Amino acid sequence: MSSTTPTPPPSSLTERRKTETRMEIARAAAGLFVRHGLRATRAEDIAQAAGIAPRTFYRYFATKEEAVAPLYAAGAQRWVEAVRAAPADAGVLHALEQGVRHTLTPGVGVSASSWEWVRTLLRLAEATPSLRRVWAEVCQASERLLGEVLAERVTRVGVPGVAGVPGAAGVPEGSAQGRDNVAVEPGPASTATPRTPSAATPHPPPTATPELRFAAAVASAAVRAALEAWAAGDAPVEGPDGPAELALRNLTALRDFPWGP
């Protein structure tokens with residue numbers, strides 16, 4: 001598995017420890033990048049800050065740039081999981097909007113104090129080709145996962161917005177307090193209990209159609225462009241020019257999308 005691919009939920013104690021170590025290294029790398037810059041930071045510096053040996057660092061990451069991939073991926077995965085956790089009777093566009101609000105609202109998906117870290121890391125990705133590649137790979141992997149989640153929603157019986165107007169009005173907003181994906185451990189996207197298929201009757205997830213792949217690409221680009229536009233400027237994280245509001249405006253491009261399977 002690529003170090004930039006969102007990590008699936010660990011299934012054993014050993015895998016959980018590896019996931020925790022990856023995130024500890026990622027936070028150490030992000031802190032050094034923010035304080036000293038990418039060029040001035042060595043892999044050995046990251047290893048020392050994370051309390052591990054350099055050879056251990058290279059067991060997890062091939063380059064210092066890849067070390068922040070778990071942080072990028074945690075945010076991307078949180079958005080996808082928030083879309084998945086939206087109420088079953090919500091339209092697809094509404095689910096996407098709820099995912100944006102959960103992920104990009106300060107103090108919900110990411111703590112308010114960590115948003116300047118996010119801005120700095122995105123600016124570094126824009127200015128550094130090697131880090132930009134890591135960010136792009138994470139975004140691409142998240143886009144594929146989002147396509148699968150959209151396929152799940154549109155094939156679910158009785159979901160409004162499938163054959164009619166997406167994002168039906170009057171659906172109550174869901175909200176859950178997430179945990180910071182930069183300064184502390186990433187937590188679940190929602191307190192809602194995920195619906196998992198019974199072990200006795202497993203079935204593969206629905207495959208995203210070409211149309212849903214396109215919709216996932218547009219929705220992912222809406223969020224990515226909002227984050228990058230906000231990071232490039234000096235606007236506060238809240239308000240009309242914050243990432244959440246920018247992403248919600250971008251998502252209106254999907255208002256008339258034909259969601260039917």
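Source: prediction; values computed, not measured.
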Tell me, please, which residues at least two apart from Glu211 pass side-chain hydrogen bond (donor to acceptor under 3.5 Å, both in side chains).
-> Thr209
Going by heavy atoms in the side chains, are Thr120 and Phe33 under 4.5 Å from each other?
-> no
For residues Glu24 and Ala50, report the shortest heavy-atom separation together with the two atoms involved.
-> O-CB, 4.4 Å
For Arg27 and Val68, run side chain to side chain contact (heavy atoms under 4.5 Å, CB included): C-alpha distance rounded to whole Å, both residues' side-chain angles, the deciding distance at 0.1 Å, then the answer.
-> CA-CA 7 Å; Arg27 291 193 203 99; Val68 293; over 6 Å; no
Nearest non-hydrogen partners of Ala208 and Gly147, listed with the distance = CB-O, 3.5 Å
side-chain hydrogen bond (donor to acceptor under 3.5 Å, both in side chains) partners of Asp45, counting only residues at least two apart = Arg42
Nearest 0.5 Å, what's the CG-CZ distance between Leu96 and Phe257?
-> 10.5 Å
Heavy-atom check, side chain of Ser142 versus side chain of Arg224, under 4.5 Å = no
Could you tell me whether a side-chain N or O of Thr252 sits under 3.5 Å from a main-chain N or O of Arg255, the two making a donor and an acceptor?
-> no
Please determine, by modelled atom types, if Trp230 and Glu245 share a side-chain donor-acceptor pair under 3.5 angstrom.
-> no
Ignoring hydrogens and angles, tell me if any N or O in the side chain of Tyr72 forms a donor-acceptor pair with the backbone of Leu121 under 3.5 Å.
-> yes
Exercise: identify the closest heavy-atom pair between Tyr60 and Arg22 = CD2-CG, 3.2 Å
Over all atoms of both residues, closest heavy-atom pair of Asn250 and Ala222 = ND2-O, 2.9 Å
Does the Arg249 side chain pair with the main chain of Pro240, one donor and one acceptor, at a distance under 3.5 Å?
-> yes
Are the side chain of Arg119 and the backbone of Gly233 linked by a donor-acceptor contact shorter than 3.5 Å?
-> yes
Applying side chain to side chain contact (heavy atoms under 4.5 Å, CB included) between Val100 and each of Val83, Thr105, Val223, report the one that passes.
-> Val223
Minimal non-hydrogen separation, Trp115 against Leu104, with atom names = CZ2-O, 3.6 Å
Under 3.5 Å: donor-acceptor pair, side chain of Lys64, backbone of Leu38 = yes
To the nearest 0.5 Å, tell me how far Glu65 CD sits from Thr41 OG1.
-> 10.0 Å
Is any side-chain heavy atom of Val134 less than 4.5 Å from a side-chain heavy atom of Phe61?
-> no
From CD (Glu81) to OG1 (Thr103), nearest 0.5 Å | 10.0 Å
Please say whether more than 12 non-hydrogen atoms of neighbouring residues, nucleotides or ligands are located less than 6.0 Å from CD in Gln140.
-> no
Which heavy-atom pair separates Trp79 from Ala219 by the least distance, and what is that distance?
-> CH2-O, 3.7 Å
Could you walk me through whether Glu137 and Arg133 pass salt bridge (Lys or Arg N to Asp or Glu O under 4.0 Å), step by step?
-> CA-CA 6 Å; Glu137 288 181 358; Arg133 177 184 59 80; 3.1 Å; yes
Please answer whether the main-chain N or O of Glu15 pairs with a side-chain N or O of Thr19 as donor and acceptor at a distance below 3.5 Å.
-> yes
Between Arg153 and Asp89, is a salt bridge (Lys or Arg N to Asp or Glu O under 4.0 Å) present by the stated rule, with each step listed?
-> CA-CA 9 Å; Arg153 295 196 70 88; Asp89 60 350; over 6 Å; no
Donor-acceptor pair, side chain of Thr155 and main chain of Glu152, under 3.5 angstrom | yes
Is the side chain of Thr56 donor-acceptor paired with the backbone N or O of Ile52 at a distance under 3.5 Å, no angle test?
-> no
Atom pair CZ (Arg84) and CD (Glu148), whose distance is rounded to the nearest 0.5 Å | 8.0 Å
Does the side chain of Pro243 reach to within under 4.5 Å of the side chain of Val237, using non-hydrogen atoms?
-> yes
Rounded to the nearest 0.5 angstrom, the CD-CG distance for Glu66 and Leu131 is 10.5 Å
Separation between CG of Leu150 and CG of Leu145, rounded to the nearest 0.5 Å | 11.0 Å
Stepwise side chain to side chain contact (heavy atoms under 4.5 Å, CB included) check, Thr128 with Arg132 = CA-CA 6 Å; Thr128 312; Arg132 192 183 314 141; over 6 Å; no
Would you say Gln48 has more than 12 foreign heavy atoms packed within less than 6.0 Å of its CD?
-> no
Student check: side-chain heavy atoms of Leu71 and Trp117 closer than 4.5 Å | no
Crowded around Arg213 CZ? As in, over 12 foreign heavy atoms under 6.0 Å?
-> no
